[in-house]
Amino acid sequence: MPESSETTTLAGELFAPGVGAQAGPPTTPAAGTGSAGEAAPGAHSSGGPTPTGSPAERFTATDPEAFGDPTGREEDWRFTPMRRIRPLLQGAPSDAALEWDADLPDGVELTRVEAGDPLLKGLPEPADRLAALTRQRSGGAAVVRVPAEAQPDRPVTLRLTGTGGDDVVWGQLVVEVGAFAQVTVVLDHSGSARYSGGVSVLAGDGAHVRLVSVQDWAPGSVHGGQYDTVVGRDATVEQVVVTLGGDLVRLVSNVTYAGPGGTAELLGVYFADETQHQEHRLWVDHSVPHCRSNVLYKGALQGEQAHTVWVGDVRIRPAAVGTETYELNRNLVLTDGARADSVPNLEIETGEIVGAGHASATGRFDDEQLFYLCSRGIDAETARRLVVRGFFADVVQRIGVPELQERLMTSVEARLGALPGLADQPVEV
Amino acid sequence: MSVLEIRDLHVSVGEGDDAKEILRGVDLTIRSGETHAIMGPNGSGKSTLAYSIAGHPKYTVTKGSVTLDGEDVLAMSVDERARAGLFLAMQYPVEVPGVSVSNFLRTAATAVKGEAPKLRTWVKDVKTEMAGLEMDPAFAERNVNEGFSGGEKKRHEILQMRLLKPKIAVLDETDSGLDVDALRIVSEGVNRTRSDSDLGVLLITHYTRILRYIKPDFVHVFIAGRFVEEGGPELADKLESEGYAAYVKDSAEVAAAEAAAL
Ligand SMILES: Nc1ncnc2c1ncn2[C@@H]1O[C@H](COP(=O)(O)OP(=O)(O)OP(=O)(O)O)[C@@H](O)[C@H]1O
Ligand SMILES: [Mg+2]
């Protein structure tokens with residue numbers, strides 16, 4: 001079944017077996033990666049997963065030229081429609097900017113640093129040409145600073161609105177959170193833009209940071225970006241990515257750990273309509289002991305040309321003993337033709353881990369669920385809405401900002417309403 | 001006063017060459033206030049009958065009719081059947097991730113009643129019914145059937161029946177997987193409904209145990225896709241002591257004779 005690679009943990013969940021043949025093939029791990037399915041929790045060197053050897057190092061650089069000009073055949077770009085991302089890749093330096101509307105709770109500071117600032121030199125390096133161009137052309141960075149031990153009474157909200165125009169907006173944001181601080185930062189992208197924006201979250205020791213990034217762009221917008229997260233010792237970082245709007249959105253989220261005991265939760269929801277391309281690439285690099293990562297991305301697709309890509313790379317290096325990691329991507333295909341690529345990748349270089357697993361499933365509505373709801377008098381369309389709402393709810397609830405959660409669910413429902421012939425898809429005999 | 005009439009119902013599963021006839025001419029009439037027990041061995045097609053009445057898409061009716069008060073049930077969609085007053089308590093209730101019990105119940109009640117129930121009385125009704133079935137109020141906030149034990153799922157089915165107030169309820173092995181306490185609680189729920197409404201019940205079971213709690217007016221023996229005998233409650237006692245062996249043998253002989261005659 002090329003369209004669905006499910007581990008046993010997923011059996012009996014949302015998806016009907018053997019469905020979604022249109023859902024696009026490569027849900028199996030990419031060739032030659034030696035990815036594992038599930039390693040039993042508590043596994044240690046004796047009975048643990050077999051190390052997969054030492055894969056090639058991931059290339060990073062600050063100089064865009066070091067990457068060459070992507071052709072679309074490279075692993076990093078093979079799913080991306082190059083014609084549609086070229087406006088960013090070939091975009092000239094510009095002074096164009098998004099409109100900023102910042103809600104800063106007491107104690108939280110928003111400043112700017114110029115290019116060459118030591119803060120920027122210390123950031124994780126760009127991992128592809130677009131990210132390197134962005135770092136170079138953003139000419140400095142906006143910095144949100146949350147002092148050590150601060151617990152702001154509400155989320156830090158940055159409403160970033162595109163004002164149209166063909167010039168590429170280049171941006172870099174650094175969120176620097178002091179030790180033991182607890183904060184939620186919301187990046188709420190809307191309007192019309194060609195935007196390439198880097199975001200770096202530096203979480204101090206013991207800090208608890210939640211970064212929510214909403215891509216609610218107007219049609220036609222193009223958004224690329226590298227999101228870096230550095231998890232301090234014993235810190236927890238939750239990243240919630242919500243991609244709804246825009247013509248093309250391609251986000252690359254990288255996680256590294258600065259000390260042991262760190263936790264990264266990478267959550268995402270996306271909903272691709274019509275011809276939208278939504279690409280989320282994740283790279284979690286476990287190089288220190290006793291850290292955790294958990295990835296949960298859920299997507300829905302409707303429209304013959306909707307395309308989503310999820311690539312989840314997790315690497316557990318030899319030093320990262322005691323690692324616990326799990327990643328899961330699920331796609332709900334609502335119409336024929338839509339294509340969901342899902343590529344989980346797990347590289348394990350030590351057997352001394354607590355657990356490692358991944359799962360990916362792409363399918364259609366489960367007829368049994370719809371039948372159950374309909375058998376209680378609920379019409380087929382309402383039943384589908386309930387199921388899709390439920391599908392996204394566990395991730396959306398984690399945003400922790402009720403008004404935003406409500407807005408996103410309403411937006412999802414509005415899109416479902418646009419699904420042609422939803423009511424015509426028979427559940428009855 | 002309602003009547004569910006099933007006439008010469010033939011149902012198959014699978015498509016084309018894989019199609020297999022499971023129901024081979026079922027006749028049954030259930031009136032308001034009556035309780036019919038259907039007993040039969042594993043695989044005889046009891047759930048197929050239940051699902052066919054409810055309209056599950058997996059089952060294809062090839063012949064016969066089902067009417068509720070003269071209305072053609074087979075022409076109705078699944079949800080229309082429920083709104084017409086049919087209810088199926090499933091043998092294996094389905095988990096629906098992300099949909100809370102309270103949201104589900106309210107959506108279902110709104111659909112069946114044709115308008116949203118008044119919030120105050122609704123919340124009170126749900127609480128009362130949950131208490132009657134000894135369900136922890138916390139279940140209201142959990143996802144539908146997700147992580148419920150077998151017994152909890154069956155209580156949840158009966159809770160829905162209590163709240164949706166159908167005319168005819170098909171209870172498919174509501175007793176299976178229940179311990180004695182849960183069996184009593186669930187049976188009391190059914191009996192309450194029988195006494196406070198005019199509910200007609202089609203009680204599908206494999207064992208006679210539940211019939212000690214829910215007294216049937218009629219007992220039907222179901223073998224290999226059709227009824228082979230009908231009687232009063234005493235028939236259940238006979239099945240209890242003698243099992244299905246005699247019927248199954250008869251049925252096999254009949255099938256062999258039918259095959260030979262072809
Ligand atoms: N989708 C299907 N494809 C093929 N055969 C099926 C399918 N569904 C049911 N059957 C077969 O139909 C027959 C009747 O099944 P059904 O579930 O109705 O029996 P039952 O009387 O309810 O059994 P139990 O007492 O075990 O619940 C069985 O032989 C079963 O294997
Ligand atoms: Mg059955």
Side-chain angles (χ1 to χ4, degrees), chain A residues 9-19 267 269 296 298 300 328 330 332 361 363-398 405 408-409 412-413 416 422-429, chain B residues 11 50-62 66 73-90 92-100 103-114 143-146 153 156-157 159-161 163-166 170 172:
Chain A
T9 50
L10 282 179
E13 282 193 57
L14 185 64
F15 302 115
V19 294
L267 307 170
V269 296
L296 172 61
K298 289 184 163 187
L328 171 57
R330 305 180 76 182
L332 185 54
R364 294 174 162 271
F365 280 113
D366 180 343
D367 286 341
E368 297 299 329
Q369 287 180 11
L370 294 179
F371 172 73
Y372 189 76
L373 296 173
C374 291
S375 77
R376 271 48 174 151
I378 299 169
D379 65 273
E381 179 162 349
T382 305
R384 286 191 171 82
R385 278 173 203 279
L386 277 174
V387 169
V388 173
R389 215 177 202 282
F391 177 69
F392 285 133
D394 58 345
V395 175
V396 171
Q397 278 160 8
R398 300 274 288 275
Q405 291 172 195
L408 297 174
M409 289 317 294
V412 164
E413 297 206 345
L416 278 173
L422 188 67
D424 305 336
Q425 297 180 23
V427 173
E428 66 269 21
V429 183
Chain B
V11 170
Y51 277 130
S52 302
I53 295 170
H56 194 292
K58 201 170 78 180
Y59 301 92
T60 311
V61 175
T62 54
V66 179
V73 170
L74 299 180
M76 300 178 195
S77 62
V78 175
D79 50 307
E80 284 168 348
R81 296 178 196 205
R83 293 199 296 272
L86 295 175
F87 180 86
L88 168 60
M90 294 187 201
Y92 304 108
V94 181
E95 299 189 1
V96 191
V99 178
S100 73
N103 185 14
F104 165 61
L105 293 175
R106 198 168 150 75
T107 308
T110 303
V112 167
K113 293 180 190 353
N143 291 333
V144 171
N145 294 323
E146 202 176 55
K153 284 183 181 164
H156 181 222
E157 295 292 285
L159 173 68
Q160 294 167 50
M161 183 188 79
L163 291 166
L164 299 180
K165 306 194 189 324
V170 180
D172 189 3

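We use all heavy atoms of the structure for the numbers below, so side chains are in, but hydrogens, waters and symmetry mates are not. Every chain is numbered from 1 and lettered A, B, ... according to where its sequence line falls, protein lines coming before strand lines.
Nearest heavy-atom pair across Ala54(B) and Phe371(A) is CB-CZ, 3.9 Å. Among all heavy-atom pairs drawn from Ala82(B) and Cys374(A), the shortest one is CB-O, 4.0 Å.
Interface remark: Asp394(A) contributes no atoms to any contact with chain B (heavy atom separation under 4.5 Å). Heavy atoms of Ala75(B) lying under 4.5 Å from chain A are absent altogether. Residue Pro166(B) does not touch chain A at all, counting heavy-atom pairs closer than 4.5 Å.
The CG atom of Leu373(A) lies 8.5 Å from the OG1 atom of Thr107(B); values are rounded to the nearest 0.5 Å. Distance check, rounded to the nearest 0.5 Å: NZ of Lys58(B) to CG of Asp367(A) gives 10.5 Å. Taking CG from Asp79(B) and CD from Glu381(A), the interatomic distance works out to 11.5 Å, rounded to the nearest 0.5 Å.
When each of Arg81(B), Met90(B), Gln160(B) is checked for a side-chain contact (heavy atoms from CB on, under 4.5 Å) with Ser375(A), only Met90(B) meets the rule.
Within the 4.5 Å cutoff, the side chain of Leu386(A) has heavy atoms near those of the Asn103(B) side chain. Counting heavy atoms from C-beta on, the side chains of Glu368(A) and Tyr92(B) never come closer than 4.5 Å.
Taking the salt bridge (Lys or Arg N to Asp or Glu O under 4.0 Å) definition, one finds that Arg389(A) meets it with Glu406(A), Glu413(A), sequence neighbours left out. Remark: Tyr372(A) pairs with Phe104(B) by the ring-ring contact (aromatic ring centres under 6.0 Å, His included) rule, at least two apart or across chains.
Proximity of a side-chain donor or acceptor of Arg376(A) to a complementary backbone N or O of Leu88(B) within less than 3.5 Å is detected.
In terms of heavy-atom pairs under 4.5 angstrom with chain A, the leader among Ala111(B), Pro93(B), Ala108(B) is Ala108(B).
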